[in-house]
Structures are given as C-alpha cells and as structure tokens.
2 protein chains.
Amino acid sequence: MITMGDVARLAGVSKMTVSNVVNNRAGVSDQVRRRVLEAIERSGYRVNVSARTLRSGRTGVIGLAVPEIDRPYFGLLAAHVIDQAGRQGFHVAIEQTGGAADGEIDAIAHSHTLQFDGLILSAVGLHPDTRPPAETGYPIVMLGEQDFGGRFDHVAMPNEDGTRAATAHLIARGCRRIANVTGRFSQGLNVVTRRHHGYLTALGEHGLEADPALLVNLGEMTMAAGREAAHRLADSGRAFDGVVAVTDTVAQGVLRGLADRGLRVPDDVRLVGFDDVPEAEYMVPSLSTVAPDHAWMAARAVELVVGRIQAPLGPTDQHVAPFELVIRESTR
Amino acid sequence: MITMGDVARLAGVSKMTVSNVVNNRAGVSDQVRRRVLEAIERSGYRVNVSARTLRSGRTGVIGLAVPEIDRPYFGLLAAHVIDQAGRQGFHVAIEQTGGAADGEIDAIAHSHTLQFDGLILSAVGLHPDTRPPAETGYPIVMLGEQDFGGRFDHVAMPNEDGTRAATAHLIARGCRRIANVTGRFSQGLNVVTRRHHGYLTALGEHGLEADPALLVNLGEMTMAAGREAAHRLADSGRAFDGVVAVTDTVAQGVLRGLADRGLRVPDDVRLVGFDDVPEAEYMVPSLSTVAPDHAWMAARAVELVVGRIQAPLGPTDQHVAPFELVIRESTR
DNA sequence: TTGTAAGCGTTATCAA
DNA sequence: TTGATAACGCTTACAA
C-alpha cells in the first residue's frame with residue numbers, strides 16, 4: 001500500500017504538504033503542488049479513508065434506511081438520494097429495515113457502528129413517540145412518511161393534500177361510491193392516517209358520506225395485499241365505482257385484483273394511486289396518481305443532513321414536498 | 001465518544017482484553033468476559049470501525065455496483081445481496097454506474113477510495129475485454145450479465161437456456177411468427193447476444209426461420225423503449241403472434257405498447273419476459289417469464305467475494321444460476 | 001510556505 | 001489468561 005509518506009519522499013516534501021495538496025488546502029506553492037500531484041499520479045496513491053476518518057471524525061458516508069430496497073418507491077428514492085449525496089461529495093450506504101420498528105431502531109443504532117456522518121431514515125413502522133437515541137452524535141433526517149412532531153428534521157410527503165386532490169378528482173369524474181384501500185391505522189399521525197384523512201376531507205367537501213364497508217385496512221402495503229383488497233371489495237357485493245389506494249404498489253395489486261374479478265378500469269371502477277413510481281405510466285391501464293416531487297425531496301433531505309453535519313444545532317426544519325396530480329387512463 | 005480504554009478502565013482490565021471480548025476471541029476467562037460485557041453495556045460502547053479498519057486493513061463493506069437502483073431487477077438483486085452479506089457480517093454500499101462503461105470503471109476505481117473489501121459488479125456496458133485495474137487489491141465478482149471469459153469470478157444468468165426455453169414455450173403454444181425485442185448487439189458475448197442466440201436456437205430446433213423484420217434492437221432496455229418497440233412492430237404491418245422480450249422491464253413496455261395499439265395479450269400476441277421481477281405477477285395480463293433464482297445468485301456472489309477476501313488466489317469460479325419458466329396469463 | 005510532533009482508537013506481537 | 005507497547009495512515013496544532 002502506498003502512503004502519504006511514500007508520496008512525500010517521492011516529491012521531496014513532507015507528509016503534511018502532501019496532505020494539503022490532497023485536500024486542496026491553500027498555502028501550497030504552485031510549483032510544489034505540481035510536483036506532489038505528479039508524485040501521486042506516478043505512484044498511484046489513494047488516500048486511506050479509514051485513517052482520515054479516524055483522525056478527522058468524518059466518514060463521508062450518509063446512511064439511508066428504507067424498509068425494502070426492492071419496492072419501486074424506495075428504489076426511486078434511493079436513486080435520487082445517491083445522486084444528490086454524490087453531488088455534495090458523500091457516499092450512501094443503504095440499510096434495509098424491513099419496515100418494522102425494530103429494524104428502524106437498529107438502523108439508528110447501527111449507523112453508530114458504521115459511523116455514518118448522518119442518517120436519512122424513511123420510517124414507516126417507528127412509533128411517532130420514539131426519541132432519537134440520546135447519544136447518536138450524528139444528525140437524523142426523516143424522509144417521507146411518519147411524522148415525529150418536529151423532533152427531527154423532516155421532509156414530508158404531501159400526504160393529506162395529495163390524497164384529497166386525488167379523491168376530489170374521482171368525484172369530479174362522477175364517482176360517488178369511493179373505496180379507500182389503505183394500511184392499518186395505528187396511533188398518532190402517520191402516512192396511513194394522514195392519507196385517509198385527505199380522503200375523508202374530500203368526501204366531506206363534496207357532500208359525500210364515507211361508507212365503512214368501503215374501507216379496507218391492509219396489514220401490509222404490498223401488491224399482494226392490494227390484490228386481496230380488490231377481491232374483498234368485489235366479493236362483498238357492495239357497489240363501488242372508485243378506489244383511492246394508499247400507494248402505487250397497492251394500486252397495482254388492486255388493478256390486478258379487479259382484473260381477476262372481471263371489473264374494468266376505468267369503465268366499471270376508477271382507480272388512483274400515490275407516489276408516481278416509474279411503473280405507473282406503464283400499467284394497463286396506466287395509473288393516475290399523486291406525484292410528489294421525489295428529486296426535490298431527496299435534494300432537501302440530503303441538504304438537511306449535510307447542513308446538520310456542518311452545523312449540528314438549531315431548530316428542526318419541516319418541509320412538505322410539492323406534488324402534482326397525474327391523470328392517466330385509470331381515471332379517464 | 002466512548003473508547004475501549006474507557007471500557008477497560010470501567011471493567012478494571014486492559015484494552016486488549018476488551019478487544020478480545022469484543023471480537024469473541026478465545027482465551028478470556030468467563031468471569032472477566034462477563035465483567036467486560038457488563039461494562040460495555042453500561043457505557044454504551046461501540047467499536048470504532050475506522051480504527052479497526054486502519055489497524056486490520058478490512059472495512060467489512062462490500063460494494064455493489066449496479067446500473068440504476070430504481071430498476072426493479074436491480075432493486076431485487078440489491079435486496080438479496082444486502083441480506084446475504086449481512087448474514088456473513090458484511091455491509092453493502094451501493095454504487096450507481098448508469099450502465100455506461102465509464103461508470104462501471106469508476107466503480108472499480110472508486111471502491112479503491114472507499115476501501116471496500118470486495119466489489120460485486122453487475123456490469124452491462126463494460127467491454128468484455130476490459131481487464132481489472134492491475135492494483136485493485138480486492139476481489140471483484142461479476143454478477144449477472146456480461147461475460148468476461150473467465151477473467152473474473154462470475155455468477156451468470158441462464159441467458160441462453162432461459163430464452164431458449166421461453167421461445168420453445170411460445171412455439172408449443174402455437175406461435176409461429178415470434179418477434180424478439182432485445183438490446184443493441186455489441187461485440188463479444190453479452191446478455192443481449194446470448195439471449196438472442198437462445199431465441200434463434202429454439203426457432204431452429206423447431207424448424208422455424210427467424211424473420212429479420214421481427215427483430216427489434218433497442219438502444220436502451222427500458223419500459224419506454226419496449227413500448228416503442230411494440231408500436232413499431234404493430235405499425236410495420238408484419239404479422240406476429242409472439243414476442244420474446246429481453247427483460248421483464250422491456251416486456252412491461254411491450255405490454256403497454258401492444259395495449260396502445262389495441263392488440264390483446266395473449267389472444268392476439270403472446271408475450272414472455274426474463275427476470276421474474278416482483279411486478280411480473282401483477283401486470284395485466286400477468287407476465288410469463290424466465291425466473292432465475294435470484295436469491296441463489298446473490299448468495300453465490302457474496303460467497304465468492306467473501307471467499308476471495310479470505311483467500312485471494314486460485315482459479316476463477318464460474319456459475320450459472322438455475323432457472324424456472326413461470327407461465328402466467330401472457331402465454332395462456 | 002513548509003515541516004515537526006503528537007495522537008485519533010484499534011489490534012498484533014510479545015512478554016508477564 | 002492477561003497486559004504493555006507499538007504500530008496502522010492521516011490530520012490538527014504549532015513551530016520554523
């Protein structure tokens with residue numbers, strides 16, 4: 001392994017000068033800088049990140065904890081976060097939490113071990129009252145879903161407004177018996193309750209009553225669960241002409257489940273999702289959905305962690321992503 | 001920050017004994033071990049990975065370089081790799097290469113900086129003649145696609161056999177004019193040429209001729225490109241009753257493109273993909289596809305890197321993943 | 001503008 | 001079975 005000492009000897013300077021060149025610090029004459037750069041080139045030297053980290057206390061790595069990286073939405077998110085972090089000179093290590101509170105707490109504890117400089121946590125299972133482990137020593141930014149009442153920096157989804165707009169759109173299209181396929185209600189405000197609330201608000205604003213028979217609470221927010229929800233709705237005998245799904249992934253399952261029962265979208269039932277995953281545009285029929293600005297969210301989250309890494313203190317920041325309602329075939 | 005020294009003082013032993021306990025090394029009396037563990041618990045001590053790495057030369061991190069983490073197939077792959085690596089006590093850092101040779105070479109060079117213990121590279125753009133940078137100093141395992149003629153450890157897809165089976169299945173279903181929607185042919189053996197070859201082999205084995213008008217070479221293997229391919233086929237006026245798509249992602253685009261032109265699957269055209277991404281089962285109609293054993297591949301790849309990390313030398317290993325042909329609605 | 005010295009937290013080595 | 005000592009490669013603080 002080639003060290004700074006080797007380069008220093010080769011260039012005929014001290015280790016410190018090499019360090020200054022490597023880190024682009026001022027106060028090195030052009031001539032010496034050139035000589036050092038040449039020695040680096042010639043020797044194929046690369047800094048030893050561990051040594052730098054040990055000494056400086058910074059790793060240059062941001063952790064990103066997501067439930068499962070193979071769900072389209074989190075893949076999308078990760079891609080954006082990796083891009084944005086790269087722009088700021090950080091690398092990203094991904095943790096899979098499994099969406100359980102356990103895994104998410106592990107991620108917080110683990111990042112300690114891994115010595116991230118900061119953690120972006122896309123929490124879904126964590127209880128809203130959770131407090132950050134007192135001595136984490138690095139900033140945590142919450143991304144997307146769960147709301148922790150201002151105790152963390154937070155980049156939130158437009159959960160309520162988005163679902164409200166989606167529901168209002170179904171109503172404008174003539175739907176009157178609109179189902180809501182969503183997750184399990186747990187205490188506190190979270191993605192599920194907020195989106196459900198947006199649905200209720202829209203119904204209320206248009207003088208419609210929510211029929212409890214048209215509410216499906218899923219244990220998991222997966223395609224498989226969405227499919228079953230559609231089966232349950234179709235088999236219940238209750239009339240329905242619209243479905244508001246809590247996520248695009250669930251919506252894809254619903255779409256499939258409706259097809260299983262011979263219900264046509266949008267002729268018999270109109271369907272709207274949430275997230276605008278890349279697949280939405282390619283489903284048959286293509287899926288209308290709430291499209292939060294994912295790049296914006298990732299940029300904001302990275303900006304927040306990086307900001308905190310540089311200046312840890314100060315009041316927490318709360319952002320809500322802008323969104324657009326994308327209208328496709330499923331609500332034509 | 002709490003260090004080993006702190007724990008040592010707390011437990012009334014030396015740093016070295018703490019180190020031995022932390023690393024589960026033999027030769028520590030039960031009594032002392034218990035005392036140290038308790039001190040660790042009480043103080044909330046966590047090892048400093050940078051210091052350990054600096055001293056031991058190992059980072060405990062495996063790099064995974066994929067084109068884009070938001071494509072379903074790579075998300076699936078990453079999830080498996082993260083799982084498997086975790087089982088062996090490694091963490092995974094994901095690099096996005098963008099599928100360009102540049103990015104892939106960057107990933108190799110970068111992992112140097114990042115000090116991975118090893119790299120799993122899912123290369124698609126890299127030229128088959130590429131040699132590993134001579135002084136990488138850590139093992140590289142190729143996963144999935146490109147073939148490098150035995151110069152790297154390699155876990156390959158059943159590209160040729162899988163596509164051959166898929167094509168034979170279409171023929172058995174009565175298809176006679178089968179299109180192949182695939183990527184751009186570049187020199188050497190790669191995922192595209194191998195899969196195309198499997199298609200040709202199956203046609204030949206059943207006495208069918210390949211019609212060049214039914215071959216579509218896509219610049220990108222995306223949903224958007226698949227959709228356009230379907231448009232081109234439908235608009236060409238050439239009859240076709242089956243499509244072999246190079247990946248499920250492309251197949252999803254084809255499915256969408258056929259729907260755009262009012263062609264029904266499987267009634268007018270039968271369609272088969274490759275990969276068995278989670279979405280395949282939920283498409284409308286659900287997609288028949290070649291299902292390589294992804295968990296097996298990830299396990300093998302991790303096993304290979306970890307093996308090389310422990311014993312760097314010896315002849316390279318070549319594996320081909322087992323597969324299954326999953327028959328769904330798109331070829332009923 | 002450049003160099004020297006010390007030490008970050010861990011583990012390998014060897015001695016007790 | 002346990003402990004003292006010396007690195008690992010780098011950067012902070014300060015001296016020249």
Side-chain angles (χ1 to χ4, degrees), chain A residues 1-40 43-61 89 112-117 135 137-138 309-310, chain B residues 1-40 43-61 89 112-117 135 137-138:
Chain A
M1 165 166 254
I2 300 127
T3 74
M4 271 193 176
D6 299 330
V7 176
R9 208 169 317 112
L10 221 84
V13 298
S14 75
K15 283 200 305 185
M16 206 46 232
T17 299
V18 177
S19 174
N20 286 331
V21 170
V22 166
N23 292 286
N24 266 319
R25 278 190 275 260
V28 182
S29 70
D30 272 9
Q31 203 200 359
V32 171
R33 181 182 300 272
R34 219 183 330 258
R35 221 165 60 225
V36 170
L37 285 173
E38 205 199 334
I40 288 175
S43 60
Y45 166 78
R46 310 247 108 202
V47 307
N48 179 322
V49 177
S50 300
R52 165 184 287 175
T53 297
L54 180 58
R55 191 58 241 237
S56 71
R58 295 220 174 134
T59 62
V61 177
H112 215 71
T113 329
L114 281 176
Q115 314 224 120
F116 298 150
D117 288 342
E135 14 53 54
Y138 53 83
I309 290 168
Q310 277 142 16
Chain B
M1 166 165 255
I2 299 127
T3 74
M4 272 192 178
D6 299 330
V7 176
R9 208 167 320 112
L10 223 84
V13 298
S14 75
K15 286 197 302 183
M16 206 48 231
T17 298
V18 177
S19 175
N20 285 332
V21 170
V22 166
N23 293 286
N24 267 317
R25 279 189 275 258
V28 183
S29 71
D30 272 8
Q31 203 200 357
V32 171
R33 180 180 301 272
R34 219 182 330 256
R35 222 165 61 224
V36 169
L37 286 173
E38 205 199 334
I40 288 174
S43 60
Y45 165 80
R46 313 246 106 203
V47 308
N48 179 323
V49 178
S50 299
R52 165 183 288 174
T53 297
L54 178 58
R55 190 59 242 237
S56 71
R58 292 210 178 142
T59 63
V61 177
H112 214 71
T113 329
L114 282 176
Q115 314 224 120
F116 297 150
D117 289 341
E135 13 55 51
Y138 53 83

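Letters go in sequence order (proteins before strands), and every chain restarts at 1.
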Pick the nucleotide of DNA chain D nearest each of G27(B) and L54(B); which residue has the one closer to the 5' end?
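Between the two, 5'-proximity favours G27(B).
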Nearest-angstrom distance from the residue atom [atom1] of [X] to [atom2] of [N]:
X: N20(B); N: dT10(C); atom1: CG; atom2: P; value: 13 Å
X: N48(A); N: dA7(D); atom1: CG; atom2: P; value: 18 Å
X: M16(A); N: dC14(D); atom1: CE; atom2: C1'; value: 11 Å
X: R46(A); N: dG9(D); atom1: CZ; atom2: P; value: 17 Å
X: M1(B); N: dT10(C); atom1: CE; atom2: C1'; value: 11 Å

Consider the side chain of [X], meaning its heavy atoms from C-beta on, and name the nucleotide among [options] that approaches it most closely.
X: Y45(A); options: dT2(C), dC10(D), dT10(C); answer: dC10(D)
X: V47(B); options: dT10(C), dG9(C), dT13(C); answer: dT10(C)
X: V32(B); options: dT10(C), dT11(C), dT2(D); answer: dT2(D)

Identify the heavy atoms of [X] and [Y] that sit nearest to each other, and give their distance.
X: V7(B); Y: V36(B); result: CG1-O, 4.3 Å
X: T3(A); Y: Y45(A); result: C-CE1, 3.6 Å
X: L54(A); Y: A51(B); result: CD1-CB, 3.6 Å

Counting only side-chain nitrogens and oxygens, does [X] get under 4.0 Å of the OP1 or OP2 atom of [N]?
X: T17(A); N: dG3(C); result: yes
X: R25(B); N: dA12(C); result: yes
X: S29(A); N: dT2(C); result: yes
X: N23(B); N: dT11(C); result: yes

Contact list for DNA chain D against residues 4-14 of chain A - heavy-atom distance below 4.0 Å
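Nucleic-acid contacts, sorted: M4(A).
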Indicate, with a heavy-atom threshold strictly under 4.0 Å, whether T3(A) touches base, sugar-phosphate, or nothing.
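Answer is sugar-phosphate: T3(A) comes under 4.0 Å of backbone atoms only.
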Pair of N/O donor and acceptor under 3.5 Å linking dT4(C) base with K15(A) side chain
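Absent.
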State whether the distance check finds a donor on one side and an acceptor on the other, under 3.5 Å, for side chain R55(A) versus base dG7(C).
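Donor-acceptor pair under 3.5 Å: yes.
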Would you confirm whether [X], through its side chain, and [Y], through its main-chain N or O, come within 3.5 Å as a donor-acceptor pair?
X: N20(A); Y: R25(A); answer: no
X: T53(A); Y: V49(A); answer: yes
X: S56(B); Y: R52(B); answer: yes
X: T17(B); Y: V13(B); answer: no
X: N48(B); Y: S50(B); answer: yes
X: S43(B); Y: A39(B); answer: yes

Taking five pairs at each end, how big is the angle between the two axes of the helix from dT1(C)-dA16(D) to dA16(C)-dT1(D), to 10°?
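For the helix from dT1(C)-dA16(D) to dA16(C)-dT1(D), the axes at either end differ by 30°.
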With rounding to the nearest 0.5 Å, note down the distance linking CD1 in I40(A) to CD in E38(A).
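Going from the CD1 atom of I40(A) to the CD atom of E38(A) covers 11.0 Å.
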